[in-house]
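Atom set for the values below is all heavy atoms of this structure, side chains included, hydrogens, waters and symmetry mates excluded.
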Amino acid sequence: MDLNLSDEQRLLRESAERFVAESYDADHRRKMAKDSSGFSPAVWKQFAELGWLALPIPEEFGGLGGGAVEIGILMEAFGRGLVSEPYIATVVLGAALIDTCGSTAQKQARLPKVADGSLKLAFAHSERAARFDLAKVATVAHKTAQGWRLAGNKIAALDGHAADEIIVSAHIHDHQGPSGRIGLFPVPAKTPSVVITDYERLGGGRACNIELSGVQLPEDALLGDGHDALPAIEWAVDRAMAALGAEAVGIMQTLLDTTLEYTKVRKQFGRPLSANQVIRHRLADMAMQVDEARSMALRAALKADSPPVERARAASGAKAKIGKCARFVGEQSIQLHGGMGVTEELEVGAYFKRLVAFDTLFGGSAHHFSRHAQLGRTTVPA
């Protein structure tokens, strides 16, 4: 297996790293943290112009046909700058679900708009009682003479406040009662009876809770032909975890570089901190953890389109391992910066907060160690 990047992938990495280095500094991040939207529409427009929003979308719908590895390259650069734009919600989750589950007409109506930046999406699936179980959905979609009626509550929808459409998962109840199938329904964010309560996420960005009280939708609102969407949801979430893992690697690499530079210039008893052998050992341990995390993130990306069990084990293994690596690197960086590490003057604390937030998205390390082990004992045909 050739793990070297292609020429196109190297160009993508270089352009993304250059853009982030030039556009994302401490002042920009502080400004976005105070903004109610949590991101910059001007930067989102630049993402569209650079082709990043079109990256994984099929070419027939205005995209570039990229895959999970290209998304990972982009997300690692985003991690270096603590990018807060709703890329995961719109492109990695929303567009992927529409492409997988939607009809040709539904794809044509939405995917080109995602690619040109005029349509932002969010995915509302998590519920308070589910505890990271993707199959546990209490929100209900009742079939009516006029179409569908949705009722339920969703939590922690990434960037739902900024979305034009929110893809809501719901248990389908047809005229015969509960069907046992999960359906996906794109709901315009300004639909009556949809109440969105947004809040700031730890480490930047925003998420929201959504209350659906008898939301009326037309008959063609259901994505696709009504088949169970759970396999597609599991696939999309596994891809999202691979992308988030790459973002975490970018954050960890920045913390390592920042800490290494700090220990070279910070002096104690007349000598740089890096002259202390114990400090060198800790920096070496941090570097090993970053490399291990990068390998796991790449493996999850390479397995993104593998058979379900193989893909899911790679995604859970990456989420669990990167979560532990991220915690270690973040804590070491804070400690090696001393008291300065927890002040607003340095950005080390902001990067550490984003790593803590990473470990809570789509389940923490303990949950994914358990899922990885359970999948290893399960034999499921591809």
Would [X] and [Y] pass as an ion pair if we require N to O under 4.0 Å?
X	Y	value
Asp238	Arg311	yes
Lys136	Glu127	no
Arg30	Asp27	yes

Would you indicate whether the side-chain heavy atoms of [Y] and [X] approach each other to under 4.5 Å?
X	Y	answer
Ile172	Lys143	no
Asn4	Gln9	no
Leu134	His125	yes
Val329	Phe352	no
Lys264	Pro272	no

Could you check whether [Y] and [X], counting side-chain N and O atoms only, form a donor-acceptor pair closer than 3.5 Å?
X	Y	answer
Ser316	His372	no
Ser365	Asp359	yes
Gln253	Asp257	yes

Nearest 0.5 angstrom please: [X] [atom1] to [Y] [atom2], how far?
X	Y	atom1	atom2	value
Asp164	Lys190	CG	NZ	8.5 Å
Leu260	Leu273	CG	CG	11.5 Å
Ile322	Glu292	CD1	CD	11.0 Å
Glu14	Leu5	CD	CG	9.5 Å
Gln332	Arg282	CD	CZ	4.5 Å
Gln108	Ile98	CD	CD1	12.5 Å

### Query
What do the steps show when you test Arg181 against Leu230 for side chain to side chain contact (heavy atoms under 4.5 Å, CB included), and what is the final call?
CA-CA 8 Å; Arg181 305 190 309 275; Leu230 180 59; over 6 Å; no

### Summary
side chain to side chain contact (heavy atoms under 4.5 Å, CB included) test vs Leu150 passes for just one of Val140, Val194, Val168, Thr191, namely Val168

### Query
Do you know which of Arg110, Lys113, Lys120 makes side-chain hydrogen bond (donor to acceptor under 3.5 Å, both in side chains) with Glu165?
Arg110

### Query
Which is it for Ile251 and Phe358 under the side chain to side chain contact (heavy atoms under 4.5 Å, CB included) test, yes or no, and what are the steps along the way?
CA-CA 10 Å; Ile251 297 171; Phe358 160 79; over 6 Å; no

Mind listing the side-chain donor-acceptor pairs of residues 41-60 below 3.5 Å, one per line with the distance, residues two or more places apart or on another chain?
none

### Task
Would you indicate whether Arg10, at its atom CZ, is surrounded by more than 12 heavy atoms from other residues, nucleotides or ligands within a distance under 6.0 Å?
yes

#### Entry: Heavy atoms from other residues, nucleotides or ligands near NZ of Lys353 exceed 12 (cutoff 6.0 Å)
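12 or below, so no.
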
Count I, L, V, M, F, W, Y as connected when their side-chain heavy atoms are under 4.5 Å apart, and connections chain through other members. Are [X] and [Y] then in the same cluster?
X	Y	value
Leu97	Ile88	yes
Trp235	Ile233	no
Tyr87	Tyr24	yes
Ile73	Val91	yes

### Task
Dump the intermediate steps for side chain to side chain contact (heavy atoms under 4.5 Å, CB included) on Val237 and Glu234, then the final yes or no.
CA-CA 5 Å; Val237 170; Glu234 293 174 336; 6.0 Å; no

Only distances under 3.5 Å count here; give the side-chain donor-acceptor pairs of residues 210-220 to other protein atoms, sequence neighbours excluded, each with its distance to 0.1 Å.
| residue | atom | partner | partner atom | Å |
| --- | --- | --- | --- | --- |
| Glu211 | OE2 | Ser213 | OG | 3.4 |

Sequence neighbours left out, cut at 3.5 Å: what donor-acceptor pairs do the side chains of residues 75-83 make with other protein atoms?
| residue | atom | partner | partner atom | Å |
| --- | --- | --- | --- | --- |
| Glu76 | OE2 | Arg294 | NE | 3.4 |
| Glu76 | OE2 | Arg294 | NH2 | 3.0 |

### Message
As a quick check of understanding, evaluate side chain to side chain contact (heavy atoms under 4.5 Å, CB included) for His337 and Thr258, giving each step before the final call.
### Response
CA-CA 10 Å; His337 276 82; Thr258 302; 3.9 Å; yes

